[in-house]
Amino acid sequence: MTGSTVWLTGLPSAGKTTIGQALAARLRAEGVAVEVLDGDDVRARLGGGLGFSKDDRNENVRRIGWLAHLLARNGVTVLVPVIAPYRSARAEVRRRHEESSVPFVEVFVDAPLTVCAARDVKGLYARQARGELTGLTGVDDPYETPIAPEVSVDTSALSIAQCVAQVRDLLSGRGLI
Ligand SMILES: Nc1ncnc2c1ncn2[C@@H]1O[C@H](COP(=O)(O)OP(=O)(O)O)[C@@H](O)[C@H]1O
Ligand SMILES: [Mg+2]
């Protein structure tokens, strides 16, 4: 079975987790070996010593990328709904994959900041607005939009099912599932 790493990057509340979970369920039903490395879960396990500075965010992405690569090279389709705000860190993970010919797919889970802030699934935007937290990606911390993602899904215009289908079609078109 062909493995790959499918990185879902985007702002908080853009829909990364939702699409990752729905796509995982669909692929599992089709008999694909899938793992999901979701940002919050993985940080709790592998994020020892890391905060939210630029260096720490990038180190978090490096660790998750390392684990994804390990699984992907063993035939697993690894879905990674993790913000990964910096282009350089995403590019480094891509490079690691390409060096060993393990497919890496960047999915830009795209929605305008206003839509994400209105969804505010975890209440982070509201807390930032009240001054209870700082360093929120996309608001008072950088989010570097992907320049050449393999696919962009506009979660403000399409349904969850349509977004999942778009990513699935890309993977299928590339012979990755
Ligand atoms: N097309 C879509 N794709 C993904 N999520 C969507 C879409 N349309 C609406 N949503 C909603 O947006 C929210 C996204 O939350 P979540 O997936 O937790 O975001 P993230 O993991 O990027 O922080 C969910 O409440 C989801 O139901
Ligand atoms: Mg999430």
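Just the heavy atoms: all of them, side chains too, but no hydrogens, waters or symmetry mates, feed the values below. First listed ligand is number 1; within each ligand, the first listed atom is number 1.
Under 4.0 angstrom from ligand 1, the non-hydrogen atoms of Ser159 all belong to its backbone.
Closest to atom 23 (O) of ligand 1 among all protein heavy atoms lies Ser13 N, 2.7 Å. Scanning all protein heavy atoms for the shortest distance to atom 6 (C) of ligand 1 gives Ile160 CG1, 3.8 Å. Here the protein heavy atom with the shortest distance to atom 11 (C) of ligand 1 is Arg119 NE, 3.9 Å. Of the protein's non-hydrogen atoms, Gly15 N, 3.2 Å is the one closest to atom 19 (O) of ligand 1.
Assignment of Pro81 to the shell around ligand 1 is not supported, since no heavy atom sits closer than 4.0 Å. Residue contacts with ligand 1: Leu11 is included, with a non-hydrogen atom under 4.0 Å away.
Considering backbone and side-chain N/O of Cys163, none are found under 3.5 Å from N/O of ligand 1. An N or O contact shorter than 3.5 Å is missing between Val121 and ligand 1 by distance. For ligand 1, the polar-atom distance check finds an N/O of Leu158 within less than 3.5 Å of one of the ligand's N/O atoms.
Salt bridge Lys54/Asp141: absent, no basic N to carboxylate O contact under 4.0 Å. Between Arg168 and Glu30 there is a salt bridge, since at least one side-chain N of the basic residue sits less than 4.0 Å from a carboxylate O of the acidic one.
Listed by number with element, the atoms of ligand 1 under 4.0 angstrom from any heavy atom of Ile19 are 3 (N), 4 (C). Against a heavy-atom cut-off of under 4.0 Å, Lys16 is close to the following atoms of ligand 1: 17 (O), 19 (O), 20 (P), 21 (O), 22 (O), 23 (O). Per-residue contacts place Pro12 under 4.0 angstrom from the following atoms of ligand 1 (heavy atoms of the residue considered): 23 (O). The Thr18 neighbourhood of ligand 1 comprises atoms 4 (C), 5 (N), 14 (C), 15 (O), 16 (P), 17 (O), 24 (C), 26 (C), with distances under 4.0 Å to a heavy atom of that residue.
Scanning Thr9, Val164, Thr17, Asp120 for the heavy atom closest to atom 21 (O) of ligand 1 points to Thr17.
Under 3.5 Å, the side chains of Thr5 and His69 contain no donor-acceptor pair of N or O atoms. No hydrogens or angles considered: a donor-acceptor pair under 3.5 Å links the side chains of Asp38 and Thr17. Judged by distance alone, the side chains of Asp154 and Ser156 do bring a donor and an acceptor atom under 3.5 Å apart. Remark: the Arg174 side chain and the Ser4 side chain contain no N/O donor-acceptor pair separated by less than 3.5 Å.
Geometrically, Arg43 engages Phe52 in a cation-pi contact defined by less than 6.0 Å to the ring centre and at most 45° from the axis.
The local environment of CZ in Arg45 is sparse, with at most 12 non-hydrogen atoms from other residues, nucleotides or ligands closer than 6.0 Å.
You'll find the side chain of Cys163 stays beyond 4.5 Å of the side chain of Ile160, heavy atoms only.
Residue Ser13 does not count as close to the Mg ion (ligand 2), with no N, O or S atom under 2.8 Å.
The only option from Arg95, Arg96, Arg94 that meets the side-chain contact (heavy atoms from CB on, under 4.5 Å) definition with Glu98 turns out to be Arg94.
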